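Please read these numbers as outputs of a predicted model, since none were measured by experiment. In this chain, numbering begins with 1 at the start of the sequence shown.
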Amino acid sequence: MTAGTVERSFEGFYADLDQVRSASGVRHMVKRFRRRGIAEPESRALALLRAHTPVGIAVPALLGMELDGTEETLVLSYIDGEPADNAQNPDAVAEQIIDVVTHWHTQRGTAFEDLEGAQHPDFASAYRADITRLSDWLRTADRFDETVRHRILALVADVPALLAPLADDTPVFIHDDAHAGNFLAADDRLVGVIDPGRARFTHRELDVFHLADAGAALDLLPRYLARAPLAPGWEQRRLLFSIWDDVKHARDADWRDDAWFTTKLDAFEKASSSLGPQ
């Protein structure tokens with residue numbers, strides 16, 4: 001699946017990526033996953049993302065998939081662009097990114113989906129299903145500092161109050177990893193979006209918290225909030241979602257960083273003590 005000349009290689013969190021030029025001169029991308037069980041869900045997420053992204057913004061097309069070899073592999077169409085956080089005109093690109101994100105969030109679903117694709121009548125139920133599975137894994141996962149493990153698991157008790165302001169919200173389409181590095185720009189124009197997480201219909205805040213993960217010069221989170229304000233308690237929920245998202249990363253990528261978790265847990269506790277659940 002790698003026939004051709006490798007022009008560039010990239011190391012991602014879950015996979016290694018090669019930019020390949022075939023003998024006929026056509027470029028494509030080969031994505032080789034380090035852990036089994038991720039390639040097929042990503043292929044489904046890409047199909048959903050293609051269906052729900054505005055015309056004119058490219059999403060990689062699936063050209064091939066190998067699930068039985070040494071590494072699970074996706075072969076994807078090439079998009080000629082660079083990560084948006086490298087844009088020379090960040091204001092122009094940032095506003096185009098927010099256009100796309102708000103477009104996703106205007107598309108409504110009939111139920112809230114959890115990470116496994118099961119449907120729930122409300123967001124709290126869907127999110128609780130996700131963190132129940134993650135909690136079960138975290139309780140026995142190796143190489144975690146015990147204090148960090150305990151502090152993360154203790155967050156489960158805060159979930160009902162923190163999600164209460166979202167009780168009447170409707171499910172919308174999300175990318176599920178909408179940070180600046182997953183948007184591609186060329187000549188200060190947004191041209192593509194890549195690397196969805198578990199793209200699905202759920203609460204928009206699971207997209208919004210990622211907007212601050214990269215590309216500080218783009219100011220994506222303030223721009224989004226200026227257009228589409230969120231319910232009270234957002235600052236606490238943002239940290240809650242980010243912590244549990246990192247638990248998912250720890251599980252799926254065999255990644256550990258106690259200091260990273262401690263910093264986020266301290267920020268959550270500070271936000272809780274200064275604002276309190278609203």
Side-chain angles (χ1 to χ4, degrees), residues 41-42 44-45 47-49 51-53 98 100-138 152-179 182 193 196-213 220-221 224-252 264-265 267-269 271-272 275-278:
E42 181 159 322
R44 294 194 298 268
L48 285 169
L49 190 62
H52 294 286
T53 296
I98 301 305
V100 171
V101 175
T102 54
H103 175 86
W104 291 333
H105 296 172
T106 59
Q107 299 176 71
R108 296 188 176 187
T110 57
F112 290 89
E113 297 173 80
D114 64 28
L115 288 167
E116 300 300 316
Q119 296 189 335
H120 302 263
D122 55 76
F123 176 54
S125 298
Y127 195 68
R128 188 163 55 246
D130 289 332
I131 62 173
T132 295
R133 283 188 289 267
L134 290 170
S135 296
D136 290 344
W137 172 82
L138 180 60
I152 296 171
L153 291 170
L155 296 176
V156 175
D158 296 317
V159 170
L162 287 172
L163 299 191
L166 311 182
D168 296 328
D169 292 354
T170 55
V172 301
F173 184 75
I174 71 163
H175 174 284
D176 195 41
D177 197 14
H179 63 75
N182 283 338
V193 58
R198 297 296 175 91
R200 64 196 188 279
F201 286 91
T202 185
H203 201 281
R204 64 187 175 116
E205 287 192 8
L206 293 184
D207 252 356
V208 178
F209 85 87
H210 284 293
L211 294 175
D213 286 350
L220 294 180
L221 180 56
Y224 181 93
L225 296 177
R227 294 201 205 180
L230 300 174
W234 154 248
E235 282 299 326
Q236 292 161 289
R237 290 193 300 275
R238 177 179 69 84
L239 293 162
L240 176 83
F241 296 150
S242 184
I243 291 166
W244 283 105
D245 190 59
D246 282 340
V247 174
K248 176 168 67 70
H249 292 327
R251 181 193 67 182
D252 293 348
K264 288 192 174 183
L265 288 160
F268 177 84
E269 291 179 2
S272 299
L275 299 175
Q278 300 187 25

Heavy-atom closest pair, residues [X] and [Y]:
| X | Y | result |
| --- | --- | --- |
| A124 | L163 | CA-CD1, 3.8 Å |
| Q119 | A111 | CB-CB, 3.8 Å |
| L221 | A212 | CD2-CB, 3.9 Å |
| D130 | R133 | OD1-NH2, 3.0 Å |
| W234 | V208 | CH2-CG1, 3.7 Å |
| D207 | A178 | OD1-CB, 3.8 Å |

Rounded distance (nearest 0.5 Å) linking atom [atom1] of [X] with atom [atom2] of [Y]:
| X | Y | atom1 | atom2 | answer |
| --- | --- | --- | --- | --- |
| L115 | L206 | CG | CG | 8.0 Å |
| T132 | Y127 | OG1 | OH | 11.0 Å |
| I174 | R198 | CD1 | CZ | 11.5 Å |
| D169 | R108 | CG | CZ | 9.5 Å |
| L240 | L162 | CG | CG | 6.0 Å |
| E235 | L230 | CD | CG | 9.5 Å |

Are the side chain of [X] and the backbone of [Y] linked by a donor-acceptor contact shorter than 3.5 Å?
| X | Y | result |
| --- | --- | --- |
| S242 | R238 | no |
| D177 | N182 | no |
| R237 | P232 | yes |
| Q107 | H52 | yes |
| D176 | P196 | no |

Practice task
Test side-chain contact (heavy atoms from CB on, under 4.5 Å) on V156 and W244 and set out the steps.
Solution key: CA-CA 10 Å; V156 175; W244 283 105; 3.8 Å; yes
Practice task
Could you tell me whether H105 and Y224 have their ring centroids closer than 6.0 angstrom?
Solution key: yes
Handout entry: Full working for side-chain contact (heavy atoms from CB on, under 4.5 Å) between D158 and S272
Key = CA-CA 10 Å; D158 296 317; S272 299; 5.7 Å; no
Practice task
Evaluate the ring planes of F123 and F112, with Trp represented by its six-membered ring, and classify them as parallel (under 30°), tilted (30 to 60°) or perpendicular (over 60°).
Solution key: tilted
Problem - side-chain contact (heavy atoms from CB on, under 4.5 Å) between F209 and L239, worked out - result: CA-CA 8 Å; F209 85 87; L239 293 162; over 6 Å; no
Exercise for the section: Report yes if the side chains of V159 and R128 come closer than 4.5 Å at any heavy-atom pair, otherwise no. Expected result: no
Problem - pair T110-F201: side-chain heavy atoms closer than 4.5 Å - result: no
Practice task
Identify whether the distance between the nearest side-chain nitrogen and carboxylate oxygen of D245 and K248 falls below 4.0 Å.
Solution key: yes
Problem - Option among I98, V101, L225 that satisfies the side-chain contact (heavy atoms from CB on, under 4.5 Å) test with L220 - result: I98
Practice task
Using a cut-off of 6.0 Å, state whether more than 12 heavy atoms not belonging to D136 lie near its atom CG.
Solution key: yes
